[in-house]
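One structure is given below, encoded as C-alpha cells.
All of these numbers come straight from a predicted model, not from anything done at the bench. Chain A is the first sequence line, chain B the second, and so forth, proteins listed ahead of strands; every chain is numbered from 1.
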There are 2 protein chains.
Amino acid sequence: MSDHRAETRGASRPPLLDQVLVGDALSALGRIAPGSVDVAFADPPYNLQLSDALYRPNQTKVDGVSAEWDRFADFAAYDQFTRAWLAGVRRALKPNGTLWVIGSYHNIFRVGTAMQDEGFWILNDVVWVKTNPMPNFRGRRFTNAHETLIWAVADASRTDYTFNYKSLKAFNDDLQHRSDWLLPICTGQERLRGDDGVKAHPTQKPEALLNRILLASSKPGDVVLDPFFGTGTTGAVARRLGRHFVGIERDPAYAELAQRRIARIVPHEDLDQVGAEGKPKRIPFGLLVEAGRVAPGDELVGGRNGPRARVRVDGSIRSGDYEGSIHKVGAAVRNLSSCNGWTYWHVEADTGLVPLDVLRTELRRELRL
Amino acid sequence: MSDHRAETRGASRPPLLDQVLVGDALSALGRIAPGSVDVAFADPPYNLQLSDALYRPNQTKVDGVSAEWDRFADFAAYDQFTRAWLAGVRRALKPNGTLWVIGSYHNIFRVGTAMQDEGFWILNDVVWVKTNPMPNFRGRRFTNAHETLIWAVADASRTDYTFNYKSLKAFNDDLQHRSDWLLPICTGQERLRGDDGVKAHPTQKPEALLNRILLASSKPGDVVLDPFFGTGTTGAVARRLGRHFVGIERDPAYAELAQRRIARIVPHEDLDQVGAEGKPKRIPFGLLVEAGRVAPGDELVGGRNGPRARVRVDGSIRSGDYEGSIHKVGAAVRNLSSCNGWTYWHVEADTGLVPLDVLRTELRRELRL
DNA sequence: CGATTATCTGAATCTAAAG
DNA sequence: CCTTTAGATTCAGATAATC
C-alpha cells in the first residue's frame with residue numbers, strides 16, 4: 001500500500017483508520033483526507049415515505065422504518081442530501097477508488113442519477129435477491145424480494161480499479177460471477193439486539209453481503225469508508241478480511257454499539273485470495289531462448305496438426321513467409337488480428353505437446369518472478 | 001370495459017386499437033385519446049454509450065447496439081427525451097392505469113427519477129434475471145445478468161390499479177409472486193430474422209416477459225400501449241391474451257414486420273394458462289463459506305487418507321502449490337483433467353468424513369432453493 | 001437417423017503496460 | 001497526452017455439422 005500517497009489528490013491528513021467518526025456524514029466526510037479511500041460502501045436513508053402503520057393479516061404491527069433520519073420534505077430535499085454526501089465521498093476516494101451504494105426502488109433511481117451527474121462511472125448494478133424477504137401482506141404488489149446495489153468508479157477514465165475477477169470466479173465454481181446475488185437477510189444470531197431482544201437497528205445488512213463486496217473490490221490493507229455506518233457491518237467485515245475501515249455515524253448509540261461489535265471480531269489469519277500475489281512480472285519469449293528452455297532452430301507447433309514455426313536466436317520465429325514475435329506470427333498464420341502466442345504455440349515433448357505457457361510458468365517459478 | 005369513458009380525463013377521440021402508428025413517440029402519443037389506456041409498456045433506448053468494438057476471446061466481433069436511435073449527446077438530452085415521452089404516456093393513461101418501463105444501469109436510474117418527477121407512483125421494481133446472459137469477455141466486471149423493470153401507477157392517489165394477485169399466486173405454485181423473475185433471453189425460433197438469417201431487431205424482448213407483465217397488470221379487453229413498439233412483442237402477447245394494443249414505431253420496416261407478426265398470432269381460448277418455471281438454483285462453494293457452513297482456514301480432506309486442502313476467504317482452496325476452486329484443485333492433486341469437488345472434498349466431523357455435497361444439500365434446503 | 005461435436009450469438013458503457 | 005505492443009479473456013442455448 002506504499003502507493004497510497006502517490007494516488008492522493010490533495011494534501012494528506014493523518015488517517016482516521018479503524019474508527020467511527022460520530023457526526024453527520026457531510027461534515028465528517030470533510031475530515032477525511034482527499035484521495036485516501038480505496039472503497040466506499042453506503043447504505044443511505046431510503047426515503048421510504050411510509051404514511052400509515054402497516055399490519056400483518058394477524059393484526060400484528062409491522063416494525064417498519066420510521067426514524068427521523070429517513071424523513072425528507074420531498075424528492076428535491078432528498079436529492080440535495082444525496083448529491084452532498086456523494087460529492088464528499090468522491091472527494092475522499094482515490095481516482096481509481098470505487099463506491100457501492102445500496103437502495104430500494106424508493107431511492108435507488110435518484111441515487112443512481114445523482115451518481116452519474118456527480119461524475120461517477122457505473123461499472124455494474126447488482127441485485128441482492130433475498131431468499132427470505134418480507135411478504136407483501138396486502139397482496140397489492142409483487143413481493144419486494146430484492147434490493148439494488150450500484151458499483152461505480154470515482155473517475156470514469158480509470159480502468160485500474162480493483163476487481164478480483166479470478167477470486168470471484170473461484171468463489172462461483174469456475175464460472176464468472178454474475179450481477180444477481182442470492183443471499184438471506186440478516187436474522188438470528190447475526191442480528192444485533194438490545195437487552196430487550198428488540199433489533200438494535202432497523203436496516204442491518206448481512207455480513208455476507210459486505211463480505212462479497214469487499215472480496216470483489218478491495219485488497220488486504222485497503223481503506224474502506226462507510227458514511228452511514230449504523231451498527232458497523234462494514235467495519236466488522238473489513239476487520240475480519242484485514243481491511244481498514246473508516247465509519248461515520250451520527251447516532252452515538254449506534255457508533256458505540258458498532259465499536260464494541262467490531263472489537264470482538266477476530267480477523268482471518270489467511271487472507272489470500274486467488275491471484276493475490278499480484279501480477280507476475282512479464283517474461284518475454286526471448287528470455288526462454290536465452291535461458292535454454294527453447295533453443296534456436298527448435299520447431300514450434302500451433303496445436304494438434306497445426307502449422308509449424310522455427311525459433312530464431314533473437315526470440316523471433318518464422319513460419320512460412322511470416323516472421324516476428326510468437327504473437328504476431330500466431331495471428332498471421334491463423335489470419336486473426338491478434339493471438340496469444342504463449343498458449344497457441346507448443347513444443348513437442350515425450351509426453352506430447354507442451355504449450356510455451358507451461359515453459360514460461362516453470363521458468364518464472366525458478367527465477368521467482 | 002364499460003367504465004372506460006367514465007375514467008377518461010379529457011375528450012374521447014376514436015380509439016386507434018390494434019394498430020401500429022408509424023412516427024416518433026412524442027407526436028404519435030398526442031394522437032391517443034387522453035385517459036384511454038389501461039397499461040403501457042415501454043422499452044426506450046438505453047443510451048448505451050458504446051465506443052470501441054468488443055471482441056470475444058475467440059476474436060469474433062460482438063454485434064452490439066450501434067443504432068442511430070440509441071445515440072444521445074449527453075445525459076441532459078436523454079433526460080429531456082425521457083421526460084417528454086413519459087408525460088405523453090401519462091396523459092394517455094387512465095388515472096389508475098399503470099406503466100412498465102424496462103432498462104439497464106445505463107438508463108434505468110434516469111428513467112426512474114423522471115417517472116417520480118412526472119408524478120408516477122412506483123409500485124415495484126422488478127428484476128429480469130437472465131438464464132443466459134452474454135458473458136463479460138474481458139473479466140473486468142460482473143456479468144451483466146439482469147435488466148430492471150419499473151412498474152408504476154399514473155396517479156399516486158389511486159389504489160384501484162389492476163394487479164391480479166391471485167392469478168399470479170397460482171402461477172407461482174401458491175406462493176405470492178416475487179420481484180425477481182428468471183427468464184431466458186429471446187433466441188431461437190422466437191427471434192425474428194431477415195431472409196439473411198440476421199436478427200431483425202437488436203433488442204427484441206422475450207414474449208414470456210410481456211406475458212407475465214400483462215397477466216399481472218391487465219385484464220382481457222384492456223388497452224395496452226407501447227410507445228417503442230419495435231417488432232411488436234407487446235402487440236403479439238396482447239393479442240394472444242385477448243387484450244387490445246396500440247403500438248408506436250418510428251421505423252416503417254419494423255412497424256410492417258410487427259403487423260405481419262401479430263396477424264399470425266392465434267389468441268388463446270383459455271386465458272388463464274401459464275408457463276412452467278425454471279430449474280433449481282446452483283449453489284457455489286463460496287456461498288457455503290459465506291454462510292459459515294465452512295470457515296476460512298478449515299481443512300478439507302480428499303477422501304480417506306487423501307490429500308488435504310485449506311479453505312480461503314474467497315471460497316478458493318489451496319493444497320500444496322495448487323490454488324483455485326474446489327474442482328480445479330481436486331483435479332490438480334489427483335492429476336486429472338477435471339474433478340467434482342463437491343463429492344471429492346470432505347470436512348471432518350465427529351461422525352467421520354462429510355462430503356461438501358452434504359453440506360450443500362443442507363444449505364439448499366434451509367434457503368429453500 | 002440418432003448421437004455427438006463444432007459453431008454461433010446475445011442491449012456490452014469490457015485491457016495494461018511500455019514507449 | 002498519444003501510439004504501439006503484449007497477451008489475457010466467455011456462458012448458455014440454439015443450430016449446424018459430423019460421425
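- What separates CZ of Arg158(A) from P of dA17(C) is a distance of 11 Å, to the nearest Å.
- Considering only side-chain N and O atoms, Lys169(A) lies under 4.0 angstrom from the phosphate OP1 or OP2 of dT10(D).
- Where pairing requires Watson-Crick or G-U contacts shorter than 3.5 Å, the helical stems of DNA chain D with at least three consecutive pairs are C:2-10 with D:11-19, C:15-19 with D:2-6.
- Taking atom CG of Asp52(B) as the reference point, atom P of dC2(D) lies 13 Å away to the nearest angstrom.
- Sorted by first then second residue, the salt bridge (charged side-chain N to carboxylate O under 4.0 Å, His left out) pairs that include residues 46-57 of chain B, not counting sequence neighbours, number zero.
- Taking atom CD1 of residue Ile283(A) and atom C1' of nucleotide dT5(D), one finds them 18 Å apart after rounding to whole Å.
- Looking at Asn124(A), its side chain never comes within 3.5 Å of a backbone N or O of Val126(A) through a donor-acceptor pair.
- At the phosphate of dT9(D), neither OP1 nor OP2 sits under 4.0 Å from any side-chain N or O atom of Gln59(B).
- Using a 4.0 Å cut-off, some side-chain N or O of Arg140(B) falls inside it from OP1 or OP2 of dA16(C).
- Distance alone, capped at 3.5 Å, is enough to place a donor-acceptor pair between the Asp70(B) side chain and the Tyr46(B) backbone.
- Between the base of dT13(C) and the side chain of Arg141(B) there is a donor-acceptor pair shorter than 3.5 Å.
- A straight line from CZ of Phe142(B) to C1' of dT10(D) spans 16 Å, rounded to a whole angstrom.
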Provide a list of protein-nucleic acid N or O atom pairs under 3.5 angstrom, restricted to nucleotides 8-11 of chain C.
| from | atom 1 | to | atom 2 | distance (Å) |
| --- | --- | --- | --- | --- |
| dG10(C) | OP2 | Lys199(B) | NZ | 2.8 |
| dG10(C) | O5' | Lys199(B) | NZ | 3.2 |
| dG10(C) | N7 | Arg56(B) | NH2 | 2.6 |
| dG10(C) | O6 | Arg56(B) | NE | 3.2 |
| dG10(C) | N2 | Pro133(B) | O | 3.2 |
| dA11(C) | OP2 | Arg191(B) | NH1 | 2.6 |
| dA11(C) | OP2 | Arg191(B) | NH2 | 3.2 |
| dA11(C) | OP2 | Pro202(B) | O | 3.2 |
| dA11(C) | N7 | Tyr46(B) | OH | 3.4 |
| dA11(C) | N7 | Lys205(B) | NZ | 3.2 |
| dA11(C) | N6 | Asp43(B) | OD1 | 3.4 |
| dA11(C) | N6 | Pro44(B) | O | 2.9 |
| dA11(C) | N1 | Tyr46(B) | N | 3.1 |

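- Straight-line distance from the CH2 atom of Trp345(A) to the P atom of dG7(D): 15 Å, rounded to whole Å.
- In textbook terms, a nucleotide whose glycosidic angle is within 90° of 0 is syn, and dT13(C) is one such case.
- A distance-only check finds a donor-acceptor pair linking the side chain of Arg71(B) to the backbone of Ser66(B) [under 3.5 Å].
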Inset, instruction - Decide side chain to side chain donor-acceptor pair (under 3.5 Å) for Arg261(B) and Thr233(B); before the verdict, give the C-alpha distance in whole Å, the side-chain angles of both, and the deciding distance to 0.1 Å. - result: CA-CA 9 Å; Arg261(B) 170 188 184 183; Thr233(B) 305; 3.1 Å; yes
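- The main-chain N or O of Ser338(A) is found under 3.5 Å from a side-chain atom of Gln59(B) such that the two form a donor-acceptor pair.
- Rounded to the nearest Å, the gap between the P atom of dG10(C) and that of dG7(D) is 32 Å.
- Ring centroid separation for the pair Phe228(B) and Trp85(B) comes in under the 6.0 Å cut-off.
- Rounded to whole Å, atom P of dA8(D) lies 5 Å from atom CG of Asn340(A).
- We find that OH of Tyr105(B) is positioned 7 Å from C1' of dA12(C), with the value rounded to whole Å.
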Inset, instruction - Dump the intermediate steps for ring-ring contact (aromatic ring centres under 6.0 Å, His included) on Trp151(A) and Trp100(A), then the final yes or no. - result: CA-CA 5 Å; Trp151(A) 181 42; Trp100(A) 291 83; 5.3 Å; yes
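- Comparing Tyr165(A) and Trp342(A) by the nucleotide of DNA chain D that holds the closest heavy atom to each, the one mapping nearer the 5' end is Trp342(A).
- Salt bridge status for Asp117(A) with Arg110(B): present, with a side-chain N to carboxylate O gap under 4.0 Å.
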